[in-house]
*Asks:* 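I'd like to ask some things about the structure below.
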Amino acid sequence: MSAAQALRVPPVKQTGYDDLAGVFGGELFLPGSPGYDAARRIWNGAIDRRPACIARCSGVADVVETVRFARQCDLLVAVRSGGHGVGGHAVCDGGLVIDLSGMKGIRVDPAARTVRADAGVLWGELDRETQVHGLATVGGIVTHTGIAGLTLGGGLGWLMRKHGATVDNLLSADLVTADGEIVTVSEERNADLFWGIRGGGGNFGIATSFEYRLHPVGPLVLAGPIFHPLERAGEVLRFYREFAAAAPDELTTIFELSVAPALPSLPTELHGKPVVMVGACFAGRPQEGLEVVRPLKEFGNPIVDLLEPKPYLALQAMFDPSVPHGWHRYWKSVELPPLTDEAIDALVEHASAQTSPRSYCIVFQLGGALSRVAETDTAYGQRDVAYNVNINAVWTAEDGDGERHIAWARDFFDALEPHARGRVYVNFLGDEGPERVRAAYGAEKYDRLVELKRTYDPTNLFRLNQNIGP
Ligand SMILES: Cc1cc2nc3c(=O)[nH]c(=O)nc-3n(C[C@H](O)[C@H](O)[C@H](O)COP(=O)(O)OP(=O)(O)OC[C@H]3O[C@@H](n4cnc5c(N)ncnc54)[C@H](O)[C@@H]3O)c2cc1C
């Protein structure tokens with residue numbers, strides 16, 4: 001039985017959404033009401049679900065009311081913030097979507113170097129406010145991803161090898177639990193729950209705001225991509241793995257195997273070319289970074305080298321045009337130890353066989369500060385992994401042929417899995433079943449998360465997620 005079938009999904013009238021409207025300060029979208037179709041859409045265009053009601057909350061009181069209402073009426077509940085979860089757990093068929101995307105407050109304390117932000121904030125919005133003060137925390141690499149889902153799963157980004165994962169910079173969060181209570185979690189308050197939300201996703205409550213530690217960053221950073229033709233990827237990646245292994249913490253690198261899109265931000269000689277892109281960000285003074293990245297810039301004969309000083313905000317927006325809302329997506333992800341020749345060959349072979357020019361494979365270099373946090377300190381783990389690989393099959397409704405592109409991603413995954421550690425980053429999981437969720441944490445941590453779930457959400461109200469069942 002699916003999670004959706006397991007809960008009663010009463011028709012709208014029976015649940016009396018009028019009762020919710022009476023105590024709700026935000027907007028309610030019911031089927032047929034203006035804005036309903038826009039409100040049920042998320043980033044992944046392959047997800048097409050029709051909730052009985054979308055409750056766009058205006059503040060914490062709305063979140064409390066909707067949680068209590070959902071419990072009273074025994075409703076299926078989905079929680080949505082940035083809407084980027086690729087599996088589409090942020091929306092459901094029937095049931096109630098508790099939508100935090102309208103909660104946008106941000107307050108920076110430049111003296112304390114902290115920021116508090118509401119759960120509906122996107123990374124581009126947060127970076128913009130913190131960069132006014134020359135500060136930033138570790139956030140995602142696309143501006144329109146939500147801070148909420150990304151933080152609750154761990155959080156990887158361009159600053160991570162210097163400053164750790166997003167959760168390593170989380171100081172506190174406010175949560176509405178399954179019984180409608182508001183709690184603050186931090187090292188000092190409800191420390192067990194604070195441990196769990198730093199990687200355990202939305203299993204234990206609805207986060208309404210987050211407080212992060214900030215670091216001096218930019219406004220200019222030495223960053224950007226270097227492109228080589230895909231046919232030279234084997235050679236480029238063999239050089240790259242030695243370079244990356246010796247890189248200081250200040251340097252975070254990401255490489256991608258793709259067909260370069262015809263974007264105005266890319267030189268025309270790249271458009272439509274299969275490429276290997278090696279991107280880097282030096283989280284320090286650009287002048288000092290130049291020495292560090294010199295070997296990368298001098299290796300081979302790149303088609304284009306855009307690794308140069310640029311505003312941190314421009315770096316954060318770099319990938320935006322190639323990941324627009326509405327395209328159809330299917331992801332498979334693995335984590336790799338240091339790259340072997342065989343793993344490189346598998347990456348190159350399968351990337352070269354991609355069935356859609358929109359598809360790509362993106363690989364994050366981990367290590368550095370990430371690896372110096374003890375494995376048991378946060379629910380987010382895999383501290384000893386070297387690389388995180390995300391295989392993205394991408395097509396549009398007009399392109400069609402989704403099954404073929406999905407099969408490509410699965411074959412790619414099957415080829416890499418023998419080289420992997422059997423673990424996966426929870427934020428890159430689609431709808432892949434309980435074994436993959438368990439794999440994201442490992443048995444010991446998973447058991448600890450189950451104990452927390454039993455304490456804070458014994459009826460599994462929050463089940464549309466990478467679910468840790470009570
Ligand atoms: C284009 C793109 C770029 C990405 N880049 C990165 C990256 O650089 N680094 C990285 O680490 N990850 C990245 N990701 C993955 C990202 O971390 C996850 O998709 C994450 O779930 C997105 O969060 P969201 O709030 O936008 O999504 P949503 O779909 O709104 O949320 C995903 C899930 O999180 C839970 N959730 C959301 N909000 C709350 C809340 N307030 N309280 C409790 N539970 C909640 C729910 O279970 C929900 O189903 C990227 C994803 C995309 C699509």
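Atoms within each ligand, like the ligands themselves, are counted from 1 in listed order. All heavy atoms count here, side chains included; hydrogens, waters and symmetry mates do not.
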*Asks:* Which ligand 1 atoms, with their elements, are less than 4.0 angstrom from a heavy-atom of Ala119?
*Replies:*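 Going through ligand 1 atom by atom, the ones under 4.0 Å from Ala119 are 41 (N).
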
*Asks:* Between Leu152 and ligand 1, find which residue part has any heavy-atom pair under 4.0 Å and reply side chain, backbone, both or neither.
*Replies:*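 For Leu152, the contact with ligand 1 is made by the side chain alone.
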
*Asks:* So do the side chains of Arg383 and Leu370 get within less than 4.5 Å of each other, counting heavy atoms only?
*Replies:*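 Side chain of Arg383 against side chain of Leu370, heavy atoms only: contact under 4.5 Å found.
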
*Asks:* What part of Phe319, side chain from CB on, backbone N/CA/C/O, both or neither, has a heavy atom under 4.0 Å from ligand 1?
*Replies:*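 Near ligand 1, Phe319 shows nothing, with every heavy atom at 4.0 Å or more.
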
*Asks:* Strictly under 6.0 Å, is that where the ring centroids of Tyr240 and Phe243 end up?
*Replies:*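 That pair fails the under 6.0 Å test.
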
*Asks:* For ligand 1, which atoms sit closer than 4.0 Å to a heavy atom of Ile206?
*Replies:*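 The atoms of ligand 1 under 4.0 Å from a heavy atom of Ile206 are 42 (N), 43 (C).
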
*Asks:* Any protein heavy atom sitting closer than 4.0 Å to atom 7 (C) of ligand 1?
*Replies:*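 True for atom 7 (C) of ligand 1.
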
*Asks:* Answer yes or no: is there a donor N or O on one side and an acceptor on the other, between the side chain of Glu27 and the main chain of Cys57, under 3.5 Å?
*Replies:*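 Side chain of Glu27 to backbone of Cys57, a donor-acceptor pair under 3.5 Å: no, none is there.
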
*Asks:* Assess Arg329 against Trp43: is NZ or CZ under 6.0 Å from the centre of the six-membered ring, and within 45 degrees of the ring's axis?
*Replies:*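 Pair Arg329/Trp43 counts as cation-pi.
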
*Asks:* Is there a side-chain contact between Val426 and Tyr441 (heavy atoms, below 4.5 Å)?
*Replies:*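 A side-chain contact exists here, since the closest heavy-atom pair is under 4.5 Å.
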
*Asks:* Is it true that Phe29 and Tyr17 have ring centroids separated by less than 6.0 Å?
*Replies:*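 No: the rings miss the under 6.0 Å criterion.
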
*Asks:* Could you tell me whether Ile141 approaches ligand 1 through its side chain, its backbone, both or neither, with non-hydrogen atoms closer than 4.0 Å?
*Replies:*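 Both the backbone and the side chain of Ile141 come within reach of ligand 1.
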
*Asks:* Report, in ascending order of atom number, the atoms of ligand 1 lying under 4.0 Å from any heavy atom of Gly202.
*Replies:*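 Those atoms are 43 (C), 44 (N).
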
*Asks:* Could you tell me which atoms of ligand 1, counted from 1 in the order shown, lie closer than 4.0 angstrom to a heavy atom of Asn465?
*Replies:*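 In order of number, 47 (O).
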
*Asks:* Pick whichever of Ser81, Gly140, Ser209 has a heavy atom sitting closest to atom 39 (C) of ligand 1.
*Replies:*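 Closest candidate by heavy-atom distance is Ser81.
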
*Asks:* Report the member of His84, Arg463, His89 with the shortest heavy-atom distance to atom 22 (C) of ligand 1.
*Replies:*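 Shortest heavy-atom distance from atom 22 (C) of ligand 1: His84.
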
*Asks:* Among Trp331, Trp43, Tyr380, which one puts a heavy atom closest to atom 51 (C) of ligand 1?
*Replies:*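 When every heavy atom of Trp331, Trp43, Tyr380 is considered, Trp331 comes closest to atom 51 (C) of ligand 1.
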
*Asks:* Could you check which of Cys92, Gly83, Ala165 puts a non-hydrogen atom nearest to atom 28 (P) of ligand 1?
*Replies:*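 The option holding the nearest heavy atom is Gly83.
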
*Asks:* Which atoms from ligand 1 have a heavy atom of Leu464 less than 4.0 Å away?
*Replies:*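 Close to Leu464: 47 (O), 49 (O).
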
